[in-house]
Amino acid sequence: MAKRTVLDLDVKGKKVIVRVDFNVPIKNGVITDDNRITAALPTINHLVEKGARVVLMSHLGKVDHKDPEKTATDKAKNNMAPVAERLAQLVKAKVTFVPVTKGSELEEAVKAMHDGEIVLVQNTRYEKGESKNDPELAAYWASLGDLFVSDAFGSVHRAHASTVGIAERLPSALGFLVEKEVKMLSAAIDDPKRPLVAILGGAKVSDKIAVIENLLKIADKVIIGGGMAYTFFKAQGYEIGTSLCEDDRVELAKDILARGEGKLFLPKDNVVANAFDNATEVKIVDSTAIPVGFMGLDIGPKTVEYFTKLLQGAKTVIWNGPVGVFEKDEFAVGTEAVCKAIAELDDAMTVIGGGDSASAAKKLGYSDKFSHISTGGGASLEFMEGKELPGIAVIQDKE
Ligand code: AMP
């Protein structure tokens, strides 16, 4: 059943609590990338234009609640004040920053709001009860508003007080950002145009097991690259030198290989080096001939051709995880080639599942060549695992 969206709410004069993802990178008090703030603007501007009183809540970084000294430094480091300043530059509405998460200063600020104004609340993680979905905290925050809007896709896989707790206590809806994420990821995972081809890379098999398992059920082809591939080569009985390997996953890799027969594809060759840093020898070898003392750090040219061919004709592509150590230019060639091959597909719905592959696409200049780049690494992974995301499940269905 479809979830209610912000368009289904009558918001004029109402206090609308919006959970946004303003978890932006900040260096020395300066925001180095404001993408997450701009991504939430469609929902915020819509609510402002409709005369809502918009109460924004977000987490920012992590706050340790065990060691009081650490709590104080984390709070100082992860203060929302610079975010409020940037937000005020981006919207036409009045923005009031409340530097606390509870108490009379917050309550007075919300009471004093006029229609079309914004209050930004301090970092939700200042509260110990936030990540535990503490019922008292959730009830308190819910008491500040009339309606709740979920627009923080990066946090919908977490059942926290500000993502799930408030939503359980107020009439709720999805914001435009989360609505788009759900629409695009559902189109790729739940109802894909076929053939559906998935490319999975990244460092560890253990992080992606559930994704591999789910995609083996629903995709027509599952291509594996990156550091993950070497555990599979080991499972096939090949020498993998000093390549990344999770020995405790070799048996599982054997099992996945057996189950994926005919639809699981591995690299044919690799760029290997005699060291991760400052390598003195770098060469291209077949996957069946990795020399002792060498580690695989990228896919090789035969694999690029092979993967490109496997992608031909795909109507839906899901990509999660770089196929090499793309942070180093000399091992970014394979990831760039995969990125290009996906970007150049005709008439295919192409989705990047956030995290490192999204950064790789951006770093390599392909970010506008995909149908969708997810804003939530962990959340999109869980979506691809076929899990229910608590921050979406809790939102009311359309009538
Ligand atoms: P993940 O967060 O699991 O998507 O992993 C991303 C990381 O995997 C990136 O930092 C890549 O550098 C790393 N990676 C990709 N291929 C390899 C490889 N062959 N060996 C080691 N690390 C790799």
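Residues: numbered from 1 along the sequence shown. Start at 1 and go down the list; that is how both ligands and their atoms are numbered.
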When the side chains of residues 388-395 are checked against the rest of the protein, which donor-acceptor pairs come out under 3.5 Å, sequence neighbours left out?
none

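Between Asp21 and Ser155, the side chains place no donor N or O within less than 3.5 Å of an acceptor N or O (distance only, hydrogens not considered). No side-chain donor-acceptor contact under 3.5 Å links Thr5 and Glu179.
For residues 106-116, the side-chain hydrogen bond (donor to acceptor under 3.5 Å, both in side chains) pairs, not counting sequence neighbours, are Lys12-Asp115, Arg53-Asp115, Glu107-Tyr140, His114-Glu117. Within the structure, side-chain hydrogen bond (donor to acceptor under 3.5 Å, both in side chains) pairs that include any residue of residues 346-361 comprise Thr350-Ser371 (at least two apart or interchain).
The protein residues lying under 4.0 angstrom from ligand 1, judged by non-hydrogen atoms, are Gly202, Ala203, Lys208, Gly226, Gly227, Tyr230, Leu244, Gly296, Leu297, Gly321, Pro322, Gly324, Val325, Glu327, Asp356.
Here the side chains of Val304 and Val338 are not in contact, with every heavy-atom distance at 4.5 Å or above.
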